[in-house]
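There's a structure below that I have some questions on.
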Amino acid sequence: MTAAGFHPLTVADVTPLTADAVSIGLRVPVALAGTFAYQPGQHLPVRVPPALLPPGAAEERRTYSVCVPPGTAARDGLLRIGVRRVEGGALSTHLVERLGPGDILEVGAPTGRFVLAPGARHVVGIVGGSGVTPVLAIAGELLATDPAGRVTLVVVNRTAATVMFAEELADLKDAHPTRLLLTHVLTREPQTAPVLSGRPDAERWKLLLDGLLAGAPPVTGWYLCGPRDLVTAARAAVLDRGAEPTEVHVELFHAGDPPPVPAAAPGAAGATITARLGGRRTTVTAEHTDASVLDAVLRVRADAPFACRGGVCGTCRARVEDGEVAMSEQWALEPAELAAGYVLTCRSRAAGPRLELDYDA
Ligand SMILES: Cc1cc2nc3c(=O)[nH]c(=O)nc-3n(C[C@H](O)[C@H](O)[C@H](O)COP(=O)(O)OP(=O)(O)OC[C@H]3O[C@@H](n4cnc5c(N)ncnc54)[C@H](O)[C@@H]3O)c2cc1C
Ligand code: FES
């Protein structure tokens, strides 16, 4: 049986990209075309039921970014994701090593706000490893739909052999030679320009961005995606150059071990949580065994959205309509969303006797 909010999609192809990464094409039935319409940069929750995992494994859910622009997906009817195997990773190992054409993956509707802002003209992408996936879709979309659109893309990897979508990046460059500036930085392989070799630190980021952006039109959007260290350093460098914080978009794929969700405030055990989801309101009483608001809501609403449970994917976002939460460190919500009252339910606990949330907001 497919879990609530997930749809069985047939795997059309699994194409090796590097020794440890694949591109996976998923066939979307015509009847689900609307459900799977997406904006470039969005990601999909993927669920692998226990039956397909090694004996004893529980259901696994993870998030993967769509890596082609919507026009491409509309043409061939395939949603495409790119997956790199993480050492010891439950789902990425399954997807990279065992998945094949004809297999079924349970996939939820696209979500996420790491998307191409309307009116963007010159976008800079700074990506590391598998972080190239959403930015490949963003870059492809801008270059295909706006004849004046420009992309400056810095792709950081250990070696040339580990670059995911190297061919697709080269093809994009060939198709738009004057509007795409593509630069590869290799942290463990020498290149002719020293600034392009080794792990970029603050000084290198400055040199690199100064060089790449000299004489270029103003940047209208910065898209940073990859490992936490790389994204943190790149964000600091970009803000240092005077970028508007609202134009700097960040997506982390993994944040290390997240700190625990704050302990419930006194009196909050037994809090009444009301959640509006899919237009329906449901109420549940928080139990002391609930590690988060999400846990409580899931007991009564199996369709409550979530994927990473670690504060990075943003799938579990809801807006607080009444009451308060205590939320621990998170990496998915932008300052404007926080100011508007959005929280990540996987990182929050009720901080009072009553809490009302709107997942539909
Ligand atoms: C918004 C978003 C979009 C994403 N898009 C993509 C994508 O397009 N392609 C892609 O390959 N991945 C993507 N990811 C990462 C993906 O969701 C999984 O986290 C990743 O595949 C690892 O899952 P796993 O089950 O194999 O590892 P797990 O079994 O969850 O973890 C195994 C070990 O690896 C560590 N770990 C987990 N994830 C990572 C990571 N990404 N890097 C380093 N160490 C890690 C864990 O701490 C643990 O020690 C995305 C994540 C998010 C939040
Ligand atoms: S489930 Fe990913 S941020 Fe909450």
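Atoms within a ligand are numbered from 1 in the order they appear, just like the ligands themselves.
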Going by heavy-atom distance to atom 37 (C) of ligand 1, choose the closest among Met164, His254, His94. His254

Taking only heavy atoms of Gly311 into account, list the atoms of ligand 2 that are under 4.0 Å away from them. 3 (S)

Is a side-chain donor or acceptor of Glu334 paired with a backbone partner of Ala336 at a separation under 3.5 angstrom? no

Can you see which heavy atom on Tyr359 is nearest to which on Arg317, and at what distance? CD2-O, 3.5 Å

When you measure from atom 11 (O) of ligand 1 to every protein heavy atom, which one gives the shortest distance, and what is it? Arg84 N, 2.9 Å

Run down the list Thr133, Thr111, Thr63, Val22 and name the one with the heavy atom closest to atom 17 (O) of ligand 1. Thr63

Atom 20 (C) of ligand 1 has as its nearest protein heavy atom Tyr64 OH, 3.8 Å

What residue and atom, counting heavy atoms only, is the protein's closest point to atom 33 (C) of ligand 1, and at what distance? Glu87 O, 4.0 Å

Looking at every heavy atom in both Phe165 and Gly82, which two are closest together, and how far apart are they? CZ-CA, 3.8 Å

Identity and separation of the nearest protein heavy atom to atom 26 (O) of ligand 1: Ser92 OG, 2.5 Å

Report, as yes or no, whether the 6.0 Å neighbourhood of atom CZ on Arg98 holds more than 12 heavy atoms from other residues, nucleotides or ligands. yes

Evaluate the side-chain proximity of Leu136 to Val127: yes if any heavy-atom separation is below 4.5 Å, no if none is. no

Number the atoms of ligand 1 from 1 as they appear, then name those within less than 4.0 Å of a heavy atom of Leu91, with their elements. 24 (P), 25 (O), 26 (O)

Thinking salt bridges, do Arg309 and Asp295 make one under a 4.0 Å N-O criterion? yes

Check each atom of ligand 2 against the heavy atoms of Cys316 and keep those under 4.0 Å away; list them by number with element. 1 (S), 3 (S), 4 (Fe)

Using 4.0 Å as the upper bound for N to carboxylate O, is an ion pair formed by Arg319 and Glu321? yes

Heteroatom N/O/S of Cys308 within less than 2.8 Å of atom 2 (Fe) of ligand 2: yes

Numbered in order shown, the ligand 2 atoms found under 4.0 Å of a heavy atom of Cys346 are 1 (S), 3 (S), 4 (Fe)

Using 4.0 Å as the upper bound for N to carboxylate O, is an ion pair formed by Asp13 and Arg80? yes

Only one of Leu79, Leu44, Val46 passes side-chain contact (heavy atoms from CB on, under 4.5 Å) with Leu105; say which it is. Val46

To atom 25 (O) of ligand 1, the nearest of Arg85, Arg62, Gln42 on a heavy-atom basis is Arg62

Which heavy atom of His249 sits nearest to which heavy atom of Glu247, and what is that distance? CD2-O, 3.4 Å

Is the number of heavy atoms from other residues, nucleotides or ligands under 6.0 Å of Lys173 NZ greater than 12? yes

Can you report which non-hydrogen protein atom sits closest to atom 27 (O) of ligand 1, along with the distance? Gly89 CA, 3.3 Å

Quiz question: by atom type and distance under 3.5 Å, do the side chains of Ser92 and Arg62 form a donor-acceptor pair? no

Are more than 12 heavy atoms from other residues, nucleotides or ligands located less than 6.0 Å from atom CZ of Arg241? yes

Measuring from non-hydrogen atoms of Leu95 to any atom of ligand 1, is the shortest distance under 4.0 Å? no

So which atom in Pro16 and which in Val14 form the shortest heavy-atom distance, rounded to 0.1 Å? CD-O, 3.9 Å

Sub-4.0 Å protein heavy atom near atom 49 (O) of ligand 1: no

Determine whether a donor-acceptor pair (N or O, by modelled atom type, separation under 3.5 Å) exists between the side chain of Ser65 and the backbone of Cys67. no

Go through ligand 2 atom by atom and flag the ones less than 4.0 Å from a non-hydrogen atom of Ala307. 1 (S)

Hey, is CD on Glu324 packed in by over 12 heavy atoms from elsewhere, all under 6.0 Å? no

Could a heavy atom of Gly82 be found less than 4.0 Å from some atom of ligand 1? yes

In ligand 2, which numbered atoms sit nearer than 4.0 Å to a non-hydrogen atom of Arg309? 1 (S), 2 (Fe)

Identify the closest protein heavy atom to atom 6 (C) of ligand 1: which residue and atom is it, and at what distance? Phe253 CE2, 3.2 Å

What protein heavy atom sits nearest atom 1 (C) of ligand 1, and how far off is it? His43 CD2, 3.5 Å

When you measure from atom 29 (O) of ligand 1 to every protein heavy atom, which one gives the shortest distance, and what is it? Ala90 N, 3.0 Å

Short N/O distance, under 3.5 Å, between Glu251 and ligand 1? no

Any N or O on Val312 sitting closer than 3.5 Å to an N or O of ligand 1? no

Please determine whether Cys313 has a backbone or side-chain N, O or S atom lying under 2.8 Å from atom 2 (Fe) of ligand 2. yes

Pick from Pro305, Ser348, Gly314: the one approaching atom 3 (S) of ligand 2 most closely through a non-hydrogen atom: Gly314

Ligand-residue contact atoms, ligand 2 with Val312, heavy atoms, under 4.0 Å: 3 (S)

Out of Val132, Val86, Ile81, Asp20, the nearest non-hydrogen contact to atom 22 (C) of ligand 1 is supplied by Val86

